[in-house]
Chemist: 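One structure, pasted below without further comment.
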Amino acid sequence: QELEDGGNYSNPIRNVESMGDSSGKPSFPYPTNPDDHCETPLQAYQDILPILDELCRSLRCGKKDSLRIYDPYYCDGSVTKHLSTLGYNNIYNVKEDCYSVWKSKEDGTHNGG
């Protein structure tokens with residue numbers, strides 16, 4: 001499925017480096033609170049890997065790529081990089097204002113995936 005930023009579920013890792021400003025920090029086209037943009041380290045994903053693996057088995061996903069993971073909070077996009085190193089590549093994590101997207105879905109104005 002094609003995403004608004006040109007990515008898709010089958011190729012979730014986008015060019016994260018090009019999404020920041022000249023300072024190297026991520027920039028956003030909507031207001032943000034800096035305290036909301038703390039990345040989860042790889043170790044945390046490694047810690048929950050047995051849970052993800054069991055979830056994949058219980059849902060009979062077959063391959064890890066069949067488990068669709070939704071993380072609405074983009075930060076700098078490292079969630080896709082970290083989870084893909086663990087074999088989970090079907091991740092929706094896009095730099096978008098998730099609150100606006102959710103609201104537009106509620107009022108029927110959202111046209112995206």
Side-chain angles (χ1 to χ4, degrees):
Q1 179 177 356
E2 187 71 21
L3 303 178
E4 291 176 25
D5 74 346
N8 60 49
Y9 278 111
S10 61
N11 186 12
I13 299 177
R14 290 166 282 289
N15 188 357
V16 174
E17 292 80 21
S18 69
M19 295 181 165
D21 61 18
S22 60
S23 71
K25 296 179 182 177
S27 61
F28 300 89
Y30 45 84
T32 63
N33 180 335
D35 291 337
D36 289 342
H37 293 282
C38 303
E39 288 292 331
T40 303
L42 176 59
Q43 181 61 51
Y45 294 107
Q46 291 169 332
D47 290 345
I48 66 164
L49 184 59
I51 296 167
L52 288 173
D53 290 345
E54 182 56 35
L55 180 63
C56 199
R57 276 190 294 280
S58 358
L59 295 175
R60 297 186 175 141
C61 292
K63 297 180 180 182
K64 292 180 178 184
D65 282 345
S66 298
L67 182 66
R68 292 174 58 172
I69 298 172
Y70 173 65
D71 182 343
Y73 304 107
Y74 182 79
C75 298
D76 78 359
S78 71
V79 63
T80 55
K81 182 172 75 174
H82 292 329
L83 286 172
S84 71
T85 65
L86 302 174
Y88 289 92
N89 296 304
N90 197 351
I91 303 155
Y92 186 92
N93 179 244
V94 178
K95 186 189 286 191
E96 63 187 5
D97 182 350
C98 62
Y99 302 105
S100 293
V101 170
W102 296 337
K103 177 147 180 48
S104 68
K105 286 183 178 185
E106 286 175 8
D107 65 22
T109 60
H110 182 71
N111 295 322

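Because the structure is predicted, anything quoted here is derived from the model rather than measured. For the single chain, residues carry numbers from 1 onward in sequence order.
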Chemist: So, the side chain of Asn93 versus the backbone of Tyr73: is there a donor-acceptor pair under 3.5 Å, distance only?
Modeler: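 Looks like yes, one N/O pair under 3.5 Å.
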Chemist: Cut-off 3.5 Å, side chains only: do Asp97 and Tyr74 have a donor facing an acceptor?
Modeler: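 Side-chain D/A pair, Asp97 to Tyr74: absent.
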Chemist: As an exercise, state the distance from CD1 of Ile48 to CG of Leu83, rounded to the nearest 0.5 Å.
Modeler: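 Result: 6.5 Å between the selected atoms.
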Chemist: Excluding sequence neighbours, so at least two apart, what forms side chain to side chain donor-acceptor pair (under 3.5 Å) with Ser66?
Modeler: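 Result, side chain to side chain donor-acceptor pair (under 3.5 Å) vs Ser66: none returned.
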Chemist: Specify the closest pair of heavy atoms between Lys63 and Cys56, including all atoms of both residues, with the distance to one decimal.
Modeler: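 In terms of heavy atoms, the two residues are closest at O-SG, 3.7 Å.
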Chemist: Working to the nearest 0.5 angstrom, can you tell me the gap between Leu42 CG and Leu86 CG?
Modeler: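 The CG atom of Leu42 sits 5.5 Å away from the CG atom of Leu86.
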Chemist: Asp65: what forms a salt bridge (charged side-chain N to carboxylate O under 4.0 Å, His left out) with it, not counting sequence neighbours?
Modeler: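 In terms of salt bridge (charged side-chain N to carboxylate O under 4.0 Å, His left out), with neighbours along the sequence ignored, Asp65 is linked to no residue.
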Chemist: Go through the structure and list residues passing side-chain contact (heavy atoms from CB on, under 4.5 Å) with Leu55, not counting sequence neighbours.
Modeler: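 Residues passing side-chain contact (heavy atoms from CB on, under 4.5 Å) with Leu55: Leu59, Leu67.
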Chemist: Between NZ of Lys95 and SG of Cys75, what distance do you get to the nearest 0.5 Å?
Modeler: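 The distance works out to 11.0 Å.
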Chemist: Quick one: does Tyr88's side chain have a donor or acceptor within less than 3.5 Å of a partner on Leu52's backbone?
Modeler: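 Present.
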Chemist: Just how far is it from atom OG of Ser78 to atom OH of Tyr45, taken to the nearest 0.5 Å?
Modeler: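 So the OG of Ser78 and the OH of Tyr45 are separated by 6.0 Å.
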Chemist: Could you go through the side chain to side chain contact (heavy atoms under 4.5 Å, CB included) check for Lys64 and Asn90 one step at a time?
Modeler: CA-CA 8 Å; Lys64 292 180 178 184; Asn90 197 351; over 6 Å; no
Chemist: Using a strict threshold of under 4.0 Å (side-chain N to carboxylate O), is an ion pair present between Arg57 and Glu54?
Modeler: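 So Glu54 pairs with Arg57 through a salt bridge.
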Chemist: Applying side-chain contact (heavy atoms from CB on, under 4.5 Å), can you list everything that pairs with Pro41, at least two apart in sequence or on another chain?
Modeler: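 By the side-chain contact (heavy atoms from CB on, under 4.5 Å) rule, Pro41 matches Ala44.
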